Chemist: 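First the structure, which I've put down as structure tokens, then a few questions once you've had a look.
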Amino acid sequence: MLTSELAQLAFAPLLQENSKAAEQAFFAVPAQGTPRWLLPAGHREIAPFLESWSPYRLTSRLKWAAVRTAHLAGCLSALPGACQVSISGIEDIDWRYLGWTGDALPVPLVYVGTPGVNRKAVMHLVNPVSAVCDLVVKVPLTEAAKTAILREADVLTILADENYKCAPRLVHVDRENGITSQTYLSGKTAGRRFSEDHWAALRSLMLPDERTTVAGHAMEWQEKWKEVFTREADLATITAALTELDDTEPLPACWVHGDVAPWNMRRLGNGALALLDWEEACRSGLPLQDAFHFLHMQDYLFGARPTAHAAEVERFAGSIGIKAEQCRRLEIAYLAHSYLKRRAVGEDKHCAFLLATLRAVLKKQPQPSWPVISFAGARVSSDVPPAVKPLLSAHIRSDLFAAVIAELNSAGVPYCVLSGHENHAEKGSSDVDFMFVPRDMDHIALLLTQAARRAGARLIQAIRHETNACYFVMVKEDGGEVGYFDPDCSSDYRAHGRLWLSAEKVLAMRRRSRELYVPAVAQEFAYYLIKKVLKQSVADFQLSRLRHLYQRQPANCRAEIGRFWPAATIRSLERALAASDLGWFQTAMPHLLAELKESAVAEQSSSMKSGTSTSRFSPSCLKY
């Protein structure tokens, strides 16, 4: 984007249509090859404000000193890469609408963010009489920046309502254009060493009487970033990190700023530190995350080696009751979460640094032998690299399946294994589908955790993929062998926004098959057929399973699917089953799907009738 276009874009949402105001000249001062400051020409009275801004790198400080000198001398155009741009209509901008209260019109200085999805322009409105910045206006340059700016506005509103003093005060919000204004926090930037003052600022963000858990947040991250795929070596490190996040012990909850760094902190007149740029903030977060960000971000930006910082933070953590081992685990949580966020936006260099740091923190812990078991949704299947296949143990998988069944039976929780129960315990190519009544979904993570522990395994993954369904993975290493078991747990069978089978009805008619419970034959047939049609795929062994079920109770199966397909289609389907005609099924899949979607909507589930939620997983009870 040309410098003139960028400058115009920064002011465009504020300009009046058909303004006849004269053009105003700005000098675009570059940094790292892109315009970074738009400084108004001929306003030497803003020099004190320019002097208050001080970069951290020596080279940057020298360059900024040159900018200030050139500004005072009136020769900004002599700076390398600087150019003059003219913008008309600035004198007609309604600054008071944005919250300006000065008698004279403000002098706008614009800081342009680095190129990226969240790029924005930050205008500092300086009073020409006092040379003090009284207001900060944020203007988005991308759609993502608009979302981020409005999110910060919401955060600042909540912080003010909760009487926090360490943030700017929101003055104005234009939600249509994504523009906000806020008070300017005058003061010196904070030092680079994490000190008692830094800790005091972060400690002030603790939430009285609120608690959280590492395991609960780990579950949320897994759900949010399940589409992030990485190289197998990277995935092994992340998986190793996630296995460490198995702590359900309550921790003090806090506001997490998300980008605490020296340049986002100001030392106010009373000596306290305040925080700027709350766009990434979240409430009820894990403690110490901002402290670790402060340290690790500087390692990355200033060329330090990947380093563990838990020992540095321990002396502060103890003051809020966090033990040394929890401190280490919270550092792992920060690094894993940061990696996932950076990977999602394609920051490969930063991701590599975070992975190297994670390995440094984990180096005294054994690395897992299952590099393709991931929270990203990857399943160990026929796509597993040949070198990994010998590690996968069918008997361990079978043992884990048996452990889950024993735990459920012992707990007296009604359930059924929806399909393929005869061989799912041994197969490595598919998960195992469990159904529960909605009221029991809160307890499933804890029951699976207990089953895994008793079998000498770990529950390492949980991904909620429907409002009432969660996919889990448990892994066990036994000598040179590794086995896994992946139960996919749901209540009512819902997919594509529809209720297909009610858990209440299925469990009421379930039957015992050896040590476990399975659906009635007709309901298992209907479930399996609907699932294959919705997925638009069926293999020969799956067709064999459908044929076997149908042959056991043809009349009941016909009646069960009669709610979804017309009689003519059912007759054709029966003929194809009798002939094991896989080609017919594969050709007819689009037609079967169209008719299925046109079928009458099933009755509401019991949870919907009673007004209870179908999404009731409790992250705090999950162990990884």
Side-chain angles (χ1 to χ4, degrees), residues 46-56 61 64 99-102 106 109 111 122-127 129-138 152-172 180-210 252-283 285 287-295 297-298 312-313 315-320:
I46 66 173
F49 173 75
L50 297 181
E51 188 175 354
S52 70
W53 193 75
S54 178
Y56 282 87
R61 287 200 298 271
W64 186 243
W100 180 257
T101 58
L109 291 78
Y111 175 81
V122 182
M123 298 184 181
H124 300 80
L125 304 187
V126 177
N127 189 315
V129 178
S130 64
V132 172
C133 179
D134 290 335
L135 203 65
V136 174
V137 177
K138 294 191 176 184
E152 182 190 34
D154 294 336
V155 169
L156 293 179
T157 299
I158 298 171
L159 289 170
D161 289 343
E162 296 183 351
N163 203 31
Y164 287 95
K165 306 297 185 184
C166 57
R169 180 176 56 84
L170 185 68
V171 176
H172 173 79
T180 65
S181 59
Q182 56 188 251
T183 56
Y184 176 74
L185 297 183
S186 179
K188 295 182 178 180
T189 52
R192 287 184 52 197
R193 185 179 65 84
F194 192 76
S195 66
E196 293 284 354
D197 290 342
H198 294 79
W199 175 243
L202 299 185
R203 185 168 181 172
S204 71
L205 297 175
M206 305 305 296
L207 296 169
D209 303 321
E210 292 195 27
C254 64
W255 273 98
V256 175
H257 177 276
D259 192 19
V260 170
W263 43 91
N264 280 337
M265 304 185 87
R266 291 289 184 274
R267 189 174 298 280
L268 305 180
N270 61 4
L273 290 177
L275 302 172
L276 312 177
D277 291 340
W278 289 79
E279 296 169 4
E280 297 184 34
C282 67
R283 198 181 186 280
L288 306 185
Q289 302 303 284
D290 284 333
F292 286 122
H293 181 85
F294 182 93
L295 296 165
M297 180 57 76
Q298 291 190 82
E312 296 174 53
V313 178
R315 65 190 182 95
F316 302 108
S319 66
I320 55 174

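Just so you know, these numbers come straight off a predicted model, no measurement behind them.
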Chemist: At what distance, to the nearest 0.5 angstrom, does CD of Q298 lie from CH2 of W263?
Modeler: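 Going from the CD atom of Q298 to the CH2 atom of W263 covers 5.5 Å.
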Chemist: With a 4.5 Å limit on heavy-atom distance, are the side chains of H293 and H257 in contact?
Modeler: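 No. Closest side-chain heavy atoms not under 4.5 Å.
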Chemist: Taking atom CG of D161 as the centre, report whether more than 12 heavy atoms of other residues, nucleotides or ligands fall under 6.0 Å from it.
Modeler: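 Yes.
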Chemist: Determine the minimum heavy-atom distance between L207 and W255, stating which atoms define it.
Modeler: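 Minimum heavy-atom separation between L207 and W255: CD2-CD1, 3.7 Å.
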Chemist: At what distance, to the nearest 0.5 angstrom, does CZ of F194 lie from CD of E312?
Modeler: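 Answer rounded to 0.5 Å: 9.5 Å.
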Chemist: Of all the heavy-atom pairs spanning P287 and M206, show the shortest one and how long it is.
Modeler: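 The answer is CB-CE, 4.5 Å.
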Chemist: According to side chain to side chain contact (heavy atoms under 4.5 Å, CB included), who are the partners of P48, at least two apart in sequence or on a separate chain?
Modeler: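 Listed in chain order: A131.
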Chemist: Can you list, pair by pair, the side-chain donor-acceptor contacts under 3.5 Å of residues 195-202, counting residues two or more places apart and other chains?
Modeler:
from: S195; atom 1: OG; to: D197; atom 2: N; distance (Å): 3.3
from: S195; atom 1: OG; to: H198; atom 2: ND1; distance (Å): 2.8
from: D197; atom 1: OD2; to: R267; atom 2: NH1; distance (Å): 3.1
from: D197; atom 1: OD2; to: R267; atom 2: NH2; distance (Å): 3.4
from: H198; atom 1: ND1; to: R193; atom 2: O; distance (Å): 3.4
from: H198; atom 1: ND1; to: S195; atom 2: N; distance (Å): 3.2
from: H198; atom 1: NE2; to: G191; atom 2: O; distance (Å): 3.1
from: W199; atom 1: NE1; to: S319; atom 2: OG; distance (Å): 3.3

Chemist: If you look at every heavy atom in W100 and L125, which pair is closest and at what distance?
Modeler: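 Closest approach of W100 to L125: CZ3-O, 3.6 Å.
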Chemist: D259 and D290: which non-hydrogen atoms are nearest, and at how many Å?
Modeler: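 Where D259 meets D290 most closely, the heavy atoms are N-OD1, 4.4 Å.
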Chemist: Would you please name every residue forming a side chain to side chain donor-acceptor pair (under 3.5 Å) with N163, sequence neighbours left out?
Modeler: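 Testing N163 for side chain to side chain donor-acceptor pair (under 3.5 Å), a comparison that skips the adjacent residues, returns K165.
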Chemist: Would you tabulate the side-chain donor-acceptor contacts of residues 274-283 under 3.5 Å, counting partners in other chains and residues two or more places apart, or write 'none'?
Modeler:
from: D277; atom 1: OD1; to: K138; atom 2: NZ; distance (Å): 2.7
from: W278; atom 1: NE1; to: L275; atom 2: O; distance (Å): 2.8
from: E279; atom 1: OE1; to: K120; atom 2: NZ; distance (Å): 3.4
from: E279; atom 1: OE2; to: K120; atom 2: NZ; distance (Å): 3.2
from: R283; atom 1: NE; to: E162; atom 2: OE2; distance (Å): 2.9
from: R283; atom 1: NH1; to: E210; atom 2: OE1; distance (Å): 3.1
from: R283; atom 1: NH1; to: E210; atom 2: OE2; distance (Å): 3.1
from: R283; atom 1: NH2; to: E162; atom 2: OE2; distance (Å): 3.1
from: R283; atom 1: NH2; to: E210; atom 2: OE2; distance (Å): 3.0

Chemist: For S186, enumerate each residue passing the side chain to side chain contact (heavy atoms under 4.5 Å, CB included) test, keeping only those at least two apart in sequence or located in another chain.
Modeler: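 In terms of side chain to side chain contact (heavy atoms under 4.5 Å, CB included), with neighbours along the sequence ignored, S186 is linked to Y184.
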Chemist: Can you tell me how far the OG1 atom of T189 sits from the CG atom of L273, to the nearest 0.5 Å?
Modeler: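 The CG atom of L273 is 10.5 Å from OG1 of T189, to the nearest 0.5 Å.
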Chemist: Minimum heavy-atom separation for G285 and V256, please, with both atom names.
Modeler: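 Closest approach of G285 to V256: CA-CG2, 3.7 Å.
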Chemist: Can you name the nearest heavy-atom pair linking N127 to V129, along with the distance?
Modeler: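 Shortest heavy-atom contact: OD1-N, 2.9 Å.
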Chemist: Just to verify, what does D134 make a side chain to side chain donor-acceptor pair (under 3.5 Å) with, not counting sequence neighbours?
Modeler: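 Result, side chain to side chain donor-acceptor pair (under 3.5 Å) vs D134: none returned.
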Chemist: Distance from L268 atom CG to C166 atom SG, nearest 0.5 Å?
Modeler: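 Reported value, rounded in 0.5 Å steps: 9.5 Å.
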Chemist: Between atom CD1 of I158 and atom CG of L170, what is the distance when rounded to the nearest 0.5 Å?
Modeler: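 So the CD1 of I158 and the CG of L170 are separated by 11.5 Å.
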Chemist: Any sub-3.5 Å donor-acceptor pair from T183's side-chain atoms to R169's backbone N or O?
Modeler: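 Here the side-chain-to-backbone pair exists.
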Chemist: Supply the atom-to-atom distance R266 CZ to K188 NZ, rounded to the nearest 0.5 angstrom.
Modeler: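 Spacing of CZ (R266) from NZ (K188) equals 12.5 Å.
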Chemist: May I ask you to test the L288-F316 pair for a side-chain heavy-atom distance under 4.5 Å?
Modeler: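 They are not in side-chain contact.
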